[in-house]
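A short worksheet on the structure shown next.
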Number of protein chains: 2
Amino acid sequence: MVEKLALVGIGKIARDQHIPAISGNPNWSLEATVSRHASVDGVASFETLEALLEERPDISTISLAIPPQPRFSYAEAALKAGKHVMLEKPPGQSLAECFALEALAREMDVSIFATWHSRFADCVPHLKSWLSSRELKRLAIVWKEDVRHWHPGQEWIWEPGGMGVFDPGINALSIMTEILPHAVHVCEAMLEYPENRATPIAAKLKFTDPNGAEMTAVFDWRQEGLQTWDIEIETTDGDARLSLGGEKLEINGELIKSGSNNEYPNLYARMSELVRNGASDMDMSPFIHVCDAYSLGRRITTSPFEY
Amino acid sequence: MVEKLALVGIGKIARDQHIPAISGNPNWSLEATVSRHASVDGVASFETLEALLEERPDISTISLAIPPQPRFSYAEAALKAGKHVMLEKPPGQSLAECFALEALAREMDVSIFATWHSRFADCVPHLKSWLSSRELKRLAIVWKEDVRHWHPGQEWIWEPGGMGVFDPGINALSIMTEILPHAVHVCEAMLEYPENRATPIAAKLKFTDPNGAEMTAVFDWRQEGLQTWDIEIETTDGDARLSLGGEKLEINGELIKSGSNNEYPNLYARMSELVRNGASDMDMSPFIHVCDAYSLGRRITTSPFEY
């Protein structure tokens, strides 16, 4: 059965990832887009979600690829109209919003999916399975990229709710929470804020692991040259290194997988499964770690940031 | 059936509130205290929780009245020893900690109670019931107190995880989340940090209400003279004012209740009920609002604070 879908927010991530993933999945049909500024050739285009909901009752599913700040009101309107909803990461600008959406989806008997795309990289299930039979000694996340390159001119990311460096950092946390066999919690955090910005440009986190493993994360948006999205893992029975944000996995120095990236195809396959089963997936654990880092963190003011 | 209880942390709140409340409830017997510095006349005293757990297997329940930063490790040890656990507010220094404790209590088949004492003030159920049949138009929390008076020399409150002005503010949020018939979420926050401190001295919050009511909270620790712990409520059918932190309730200008404060006796009665029913109560909604305010908030640096 083919589900009719509308994509809201036609920016870089929509064109690079969502549209190819939807087109490549026979269970989905991209029927419409919502954007004030952009459209997709051959697809019905609406300027507002209200107009879409009004004119296209046949569409069952709304995928939101807009910044997190307005996401709640779009998701709420879609759920209230009885639509299934798929949320780009982060799923909102506050935890309470996300819990409210989850409750609303349950009430409306529709599916909601807080997507964490990095968790759906092909290497992640392999690493999770490898780790499940081993005792973790150390896990170190190093996520260093150049914000000017990856988020050119994106002012919303520096505004409250825009998450700053946690926008990429939460990708690493979504992998970490997926592969670990048990829950951990942030026990220390240090956040660096440019003096002219509302969100951090760098952060260091330390976690408490129930079994005493050493766990840290370093996020930095000021990395020029080589970009780093690595998770290094040491166990009592070998080491692993997940790099390129989940695209490359080495175990004991040997290359296991590399080069494939099916994150968004996998997300849309998962959404299809959720809709078919009348289920939802709103795991908030990556977002909870970010909120804990904010509430627990020491703040340092650093030099102003301008694009 | 009388449950044997040990109280951990013998500070001001323990002496002022916990000990009288325990003594006044025939279902509880205060069998021991844990503190490095203090003890209670006539009650067995231990310097560490480990020693207590080792020597007094007959004690069923551990009540933690220590600062939030070390609370997790005490609660975890008590739960792992099969004890019921009662947590002073805030229940921990991170949300992930609290969710982990909830899961551990379920696994160990014991009760855990994240207490929110202000919620147990006598006026709160009255106000909740009055509000349940009315449509809210405006809710304004004004919580202004003198930190030098109420938290003299308490350095932990200014350290990461100590919550700063959210330590009293979360009391107001615990009342708000109790009396409202539906969930709301923080949509704007402004946090003022003394330049020499890791936690805020003042905060302003704005909430989004699904029915469009105007909802705000102002927390300030710099209040000299008259202290204010008020929640003002306007509905389409009358006004209410909860003041003195929940001790006084006026409706349409008329005094409904005043002067009684059974918060801690009510907490221990509730804990007794939870233990009897094999239930837990870990409502995190007040803490979630605080974490959301931290992650969403704009930060302002203000003059240094010294006691």
Side-chain angles (χ1 to χ4, degrees), chain A residues 68-70 72-73 76 80 90 92-104 107 159-164 166 173 177 182-191 193 195 197-200 205 207-210 284-301, chain B residues 68-70 72-73 76 80 90 92-104 107 159-164 166 173 177 182-191 193 195 197-200 205 207-210 284-301:
Chain A
Q69 290 95 335
F72 175 78
S73 57
E76 189 188 33
K80 282 188 174 169
Q93 66 171 358
S94 75
L95 280 171
E97 268 182 14
C98 297
F99 290 127
L101 292 177
E102 189 179 13
L104 181 57
E107 194 186 316
E159 287 301 299
M163 296 216 134
F166 287 115
L173 298 176
T177 48
H182 50 247
V184 298
H185 58 265
V186 174
C187 56
E188 272 180 52
M190 195 276 289
L191 313 178
Y193 288 82
E195 65 177 51
R197 299 290 181 173
T199 59
L205 277 55
F207 297 87
T208 297
D209 173 73
M284 287 297 114
S285 57
F287 200 3
I288 286 172
H289 288 318
V290 170
C291 288
D292 283 342
Y294 271 113
S295 73
L296 258 177
R298 287 191 189 272
R299 290 159 321 291
I300 292 171
T301 301
Chain B
Q69 290 95 334
F72 175 79
S73 57
E76 189 189 33
K80 283 188 172 168
Q93 64 171 0
S94 76
L95 280 170
E97 266 182 17
C98 297
F99 290 128
L101 292 177
E102 190 179 12
L104 181 57
E107 192 186 317
E159 288 300 299
M163 295 217 134
F166 287 116
L173 298 175
T177 46
H182 49 248
V184 297
H185 58 264
V186 174
C187 56
E188 271 179 51
M190 194 275 290
L191 314 179
Y193 288 83
E195 65 176 49
R197 300 289 181 172
T199 61
L205 277 54
F207 297 87
T208 297
D209 174 73
M284 288 297 114
S285 57
F287 199 5
I288 286 171
H289 288 318
V290 170
C291 289
D292 284 343
Y294 272 112
S295 72
L296 258 176
R298 285 190 192 274
R299 291 157 322 289
I300 292 172
T301 301

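Remember, predicted model here, so these are calculated numbers, not experimental data. Every chain is numbered from 1 and lettered A, B, ... according to where its sequence line falls, protein lines coming before strand lines. What's counted below: heavy atoms across the whole structure, side chains too, no hydrogens, waters or symmetry copies.
The side chain to side chain contact (heavy atoms under 4.5 Å, CB included) test applied to B/E107 returns B/L104, not counting sequence neighbours. With sequence neighbours excluded, the residues forming a side chain to side chain contact (heavy atoms under 4.5 Å, CB included) with A/E159 are A/Q69, B/R298, listed by chain and number.
Separation of atoms OG1 (B/T301) and OH (A/Y193) is listed at 11.0 Å; rounding is to 0.5 Å. In this structure, the separation between SG on A/C187 and CD on B/Q93 is 7.5 Å, given to the nearest 0.5 Å. Distance check: A/S295 OG to B/M163 CE gives 6.0 Å after rounding to the nearest 0.5 Å.
For the residue pair B/L95 and A/I288, the shortest heavy atom distance occurs at CB-CG2, 3.9 Å. Closest heavy-atom contact between A/R197 and B/R299: O-NH2, 3.6 Å. The minimum heavy-atom distance linking A/A96 with B/H185 is given by the pair CB-CB, 3.5 Å.
For chain B, the nearby part of A/F99 is the side chain; its heavy atoms alone come within less than 4.5 Å. With a threshold of 4.5 angstrom between heavy atoms, A/V184 approaches chain B through N, CA, C or O but not through any side-chain atom. Neither the backbone nor the side chain of A/F287 comes within less than 4.5 Å of any heavy atom in chain B. Neither the backbone nor the side chain of B/H182 comes within contact range of chain A; no heavy atoms are under 4.5 Å apart.
Each of A/Y294, A/F72, A/F166 has some count of heavy-atom pairs under 4.5 Å with chain B, and the biggest count is that of A/Y294.
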